Amino acid sequence: MSKRPFLGWFASPSILIAFAIAASFLAIVQYSLRAHVPGSLNPGGLTLDNFTTLWKAVYGQAFLNTVLLCFWTALFTLLIGYPLAFAMVRAKSARLRSAILLISLTPLFLGEIVRTYSWMIVLGNRGFVNAVLMQMGLIDRPIDFMFTMTGVVIALVHFTLPIVVVMLAAALSHIDRNLERAATSLGAGRVRVFATVTLPLSIPGIVAATSTAFAWTFSAFATPQMIGGGKVQTISTLVYQVGFASFNFPLAASLSLVGLLFTIAVLAIFNTGIRRLEKIGAH
Amino acid sequence: MSSEIPRNTPQDSRQHPAVQIDGVAKSFSGTVALEPVWLKIRRGEFLTLLGPSGCGKTTLLNLIAGFLEADEGELFINRDLVTQVPPHQREIGIVFQNYALFPHMNVAQNVAYGLRTRRVSKAETAERVREALALVKLEDFADRRPRQLSGGQQQRVALARALVIRPRVLLLDEPFSALDRNLRTAMQVELKEIQSRLGLTTVFVTHDQSEALSMSDRIAVMSRGRIRQIGTPTEIYDQPQSRFVSTFVGDANLFSATLREKTTADAILEVGSTRLTLSTYQVDMPAPGPVTLFVRPEQCVLTDSGKPDAIPATVALSVYQGSYAELHLDCPSAEGGRVMLRVPASQALPAGASVGIALPQRGPAIYAREDDIA
Amino acid sequence: MKKTILDHALDWAGRILLTAILCFVLLPFIVVLIASFNESAILTFPPKGWSFRWYANAFEYRDFGEGLVNSLMIAAIGATIALIAGSGFAYVLNRYDFALKSLLNGVLMSPLIIPNFTIGLGLLILSAAASLPRSVWLVVAVHVIIVLPFVVRSVYVSLQNFERRYEQAAESLGAGPVHVLLTITLPLLLPGLVSGGLFAAILSFNEFTASLFVVNQRTQTLPVAMYNYVREYADPTLAAVSVIYVAVVAVMLLLVHKFFRLEKVLNVE
């Protein structure tokens, strides 16, 4: 460690930022314990009413929707992302590698709005998919993607795919290829090598990627808001609605707070899992 | 340049030491890296810190350089107390293992770096950089980037960079370990030449005993955070004072023996059923009882198996080494059951041959049996 | 090595699967490209005619222009602040031990797991409670908080891979701590700092959810302007905006890739 204390002042701007983060968190906690005064933006006295309100069915449904979205999104993102990451890490030509990398990662840098809007055009009633299917005569009337869980999941898989691919590729590229060669030399075929060596060694990466997919889906707002269109309410869309449609910021704060605690709990479980797995791992 | 560096004169070496280490010790989070060490390094001396990894030699070097702060003790360079002085005010030169040439600067900029920090004038800087590069025979490489140079050239640049500031002490941290064998020997000769020409006080850290023996004025052999023995290469090789030093520097044959009697200079021992009388160079000889007898392979003489003062053994394996052959002998009295001798290649014996090992009267040493193994 | 029929089948299955997945990734962008040149206001496939009118429309609509200016300004300021604060913190994190270090680290990294809508709501409430105006600085603050963890991570990784011997060599040559920092540490860390800063700027440019909570009509960013547009109009103007948006980000990424190699920045080598 360094003996030059004055360079420690480099941390001071970030300490200021840390205070801002802590203060905004405390602001949420404080608001969640205050009464809503209809017609006023200023909160009233101390109360626990906000949390009892959350027991209503509409909020329970939003929680359930969010959890379901997280589950399906994580599942399909993994199923699609693993082969992609595998192909990227193991591509023989540098050009193919670069191409897969750029194609699969560019969406990461495009934000939620552009991507969600694009999916609206693809999935709409007169959108690309329905138009193509109808012209081919496969369906008579458009399939409902918009305002459904299915549509939201499709767009969310596309949204979380790049980060999952990055994490899986990182995990796969750190697997020692000699382990696979050893398995091959012992007579294992390609499928067996994959199932007995590659896949087990990448499990910590898979768990880490799943936990990130969960966090991203939980945090997603534009996709459920625009494709769900009010029919698929999640915690994020509900927080916005409660805040900006009925200006009930105390209730929005308590809903966010419960959502945050839920996220932390789930991620803590994932983290414990990852640590356990790393202990078993090859190191 | 060379003319401006103070020469090593006889008076100098009788004066104050170039580096004086008084009871300096260092621990890292409770683990002792260096026990309190006392050491005086003479002016113009080439002193080697030799030992296995983890013995504390690099810790001691970093303490002299100032990259680490001593837990206790004092450190002097040219009589100045520097214990609390930060590295950039110590006026020392360092050549690191991987040379640490600044990759974003060319060779001349690397060499000039220490002069720029000292605000030496532009003209003088240019002149001194040129001289330093000439000293290491790299005049034509001033504009190259470090990664365009070979390992040997990089090392020369690192040396020039360290020398150009006219350091009070030159520290070398395993500088040859990244070079291949042939280049290594050539660089050793070159470095030694430059060092003695400039009369530069040098502290050299290595785990390679042959490097230490060939280059040093004195060697400090270290293990487990302590200096085990300090002396000239000849003293270290010919008169190791402990079992550790005897086995770490050079090859050693060790026999289990019993010390029967000792007088001021002579010792009477039994090795198996063979009774020997030896005179040793040792300062401390252990008390009578079970001991370890040490002797260098080249001091052992091969004789007939029947001789009364010869230790019986059987040839297990003969390894051809070009100018000589290594004979590995099975010997029940040897520690580990094996002894190694070098004989002219023409005198190599077949496996299974019974032989006797005769020891010289002077040369072997006797260590207490429980003397450390580390 | 001779390939069996199974090997060939696996190879082909792999190729088809890879192509299908890449199509899925690219599909929305291709569709949006087609839609942006569609002549009629109602989205239909295949388009009945081609035109540039939606691009013209996009350039005329004032909110997009203003949003773009806001976004670029906020991204530039936010990324700069985040880079300065983040690299300073990464340096201290790497070099010093002090009380509450892990707490500070935890708080600064927490935006990685706190949903963006919660961060937006938190700062909105905080500014209301402190009676601060909803100015552009509030938006900048939100963006700094969100991108800071990425900067800290990227600089911290560079610092961990940094060879400390370079600094020690400079010190032994007489350079004091500040001199070492300016002539050795900073120049050698520059690639990491630049890529960290660019990364932060791109993330900030894309940020939507938290911004939605803290912007007003005057400070709205491009993504917020796009969101407001799609709620009011159903024509393909936004497709044209999206195409431009994708092109700009792709060019930025290609630049980053050319200079720093994305594999390195994202640690997938």
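Lettering of chains follows the sequences in order, A, B, ..., and the numbering in each one begins at 1. For clarity, every value in this text was computed on a predicted model and none was experimentally measured.
Proximity to chain C (any heavy atom under 4.5 Å) is shown, for Met134(A), by neither the backbone nor the side chain. If you measure heavy-atom distances from Phe25(A) to chain C, you find no contacts under 4.5 Å at all. Contacts between Ala222(A) and chain C at a heavy-atom distance below 4.5 Å involve backbone atoms as well as side-chain atoms. Heavy-atom distances place the side chain of Phe208(C), and not its backbone, under 4.5 Å from chain A. In this structure, chain C has a heavy atom under 4.5 Å from the side chain of Gln225(A), while its backbone stays farther away. For chain A, the nearby part of Val230(C) is the side chain; its heavy atoms alone come within less than 4.5 Å. Neither the backbone nor the side chain of Ser87(C) has a heavy atom closer than 4.5 Å to any heavy atom of chain A. Both the backbone and the side chain of Ile154(A) come within less than 4.5 Å of a heavy atom of chain C. Heavy-atom distances place the side chain of Val249(C), and not its backbone, under 4.5 Å from chain A. Within the 4.5 angstrom heavy-atom criterion, atoms from both the backbone and the side chain of Ser236(A) approach chain C. Only the side chain of Val92(C) comes within contact range of chain A, with heavy atoms under 4.5 Å apart. Proximity to chain C (any heavy atom under 4.5 Å) is shown, for Leu257(A), by neither the backbone nor the side chain. Proximity to chain A (any heavy atom under 4.5 Å) is restricted, for Leu17(C), to the side chain, taken from C-beta onward. Looking at Leu203(C), there are no atoms closer than 4.5 Å to chain A (heavy atoms on both sides), in backbone or side chain. With a 4.5 angstrom heavy-atom cutoff, Ala253(A) touches chain C via backbone and side-chain atoms both. For Leu181(C), the part lying near chain A is the side chain, with the backbone staying farther off; criterion is any non-hydrogen pair under 4.5 Å. Proximity to chain A involves both the backbone and the side chain of Phe24(C), based on heavy atoms less than 4.5 angstrom apart. Both the backbone and the side chain of Ile103(A) come within less than 4.5 Å of a heavy atom of chain C.
Note: Ser242(C) OG to Ile121(A) CD1 = 7.0 Å, rounded to the nearest 0.5 Å. Expressed to the nearest 0.5 Å, how far CD1 of Ile113(A) lies from OG1 of Thr221(C) amounts to 8.5 Å. Rounding to the nearest 0.5 Å places CG of Leu26(C) at 9.5 Å from OG of Ser104(A). A distance of 7.0 Å separates CG of Leu148(C) from OG of Ser14(A), quoted to the nearest 0.5 Å. Expressed to the nearest 0.5 Å, how far CD1 of Ile114(C) lies from OG of Ser256(A) amounts to 10.5 Å. How far CZ of Phe218(A) is from OG1 of Thr118(C): 7.5 Å, rounded to the nearest 0.5 Å.
For the salt bridge (Lys or Arg N to Asp or Glu O under 4.0 Å) test, residues two or more places apart in sequence or in another chain that qualify with Arg190(A) are Asp7(C), Asp11(C). Scanning for ring pair (Phe, Tyr, Trp, His ring centres under 6.0 Å) contacts around Tyr229(C) gives Tyr61(C), Phe64(C), Tyr233(C), with sequence neighbours left out.
By the 30° and 60° cut-offs, the orientation of the rings of Tyr227(C) relative to Phe221(A) is tilted. A perpendicular orientation is assigned to the rings of Phe213(C) and Tyr240(A), their planes being inclined by more than 60° (bins at 30° and 60°). In this structure, Phe109(A) and Phe199(C) have perpendicular ring planes: the angle between them is above 60°, well past the 30° mark.
The shortest non-hydrogen separation linking Ala18(A) to Leu108(C) is N-CD2, 3.7 Å. Summarising the geometry of Ile21(C) relative to Pro83(A), their closest heavy-atom pair is CD1-CB, 4.0 Å, with the distance given to 0.1 Å. A pairwise comparison of heavy atoms in Gly122(C) and Ala27(A) identifies O-CB, 4.2 Å as the closest pair. Annotation for Ile145(C) and Ala20(A): closest pair CD1-CB, 4.4 Å, computed over non-hydrogen atoms. Nearest heavy-atom pair, Ile21(A) versus Pro111(C), reported as atom, atom and distance to 0.1 Å: CD1-CG, 4.1 Å.
Between Met226(C) and Tyr117(A), every side-chain heavy-atom pair lies at or beyond the 4.5 Å cut-off. Two residues are said to be in side-chain contact when any heavy atoms from C-beta on lie closer than 4.5 Å; Leu124(C) and Phe244(A) meet this criterion. Side-chain contact between Pro28(C) and His158(A) is present, with at least one heavy-atom pair separated by less than 4.5 Å. Two residues are said to be in side-chain contact when any heavy atoms from C-beta on lie closer than 4.5 Å; Leu27(C) and Phe128(A) meet this criterion. In this structure, Leu22(C) and Leu84(A) have side chains that are in contact, with non-hydrogen atoms separated by less than 4.5 Å. With a 4.5 Å cut-off on side-chain heavy atoms, Phe117(C) and Ile235(A) count as touching.
Options Ala220(A), Pro107(A), Gly259(A), Ala215(A) differ in how many heavy-atom pairs under 4.5 Å they form with chain C, and the most are formed by Pro107(A). The candidate from Leu104(C), Ile202(C), Val25(C), Leu18(C) with the greatest count of non-hydrogen atom pairs under 4.5 Å with chain A is Val25(C).
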| request: Take Phe19(A) and Val107(C) through the test side-chain contact (heavy atoms from CB on, under 4.5 Å) and record every step on the way to the result. | output: CA-CA 9 Å; Phe19(A) 271 114; Val107(C) 172; over 6 Å; no

| task | Take Val114(A) and Leu238(C), measure what side-chain contact (heavy atoms from CB on, under 4.5 Å) needs, and give me the verdict at the end. | result | CA-CA 9 Å; Val114(A) 170; Leu238(C) 210 57; over 6 Å; no

| Does the pair Leu110(A) and Phe29(C) meet the rule for a side-chain contact (heavy atoms from CB on, under 4.5 Å), with working shown? | CA-CA 11 Å; Leu110(A) 285 174; Phe29(C) 304 120; 3.5 Å; yes

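Residue Arg15(C) qualifies as enclosed at atom CZ: its count of foreign heavy atoms under 6.0 Å is above 12.
Proximity of a side-chain donor or acceptor of Ser219(A) to a complementary backbone N or O of Asn116(C) within less than 3.5 Å is detected.
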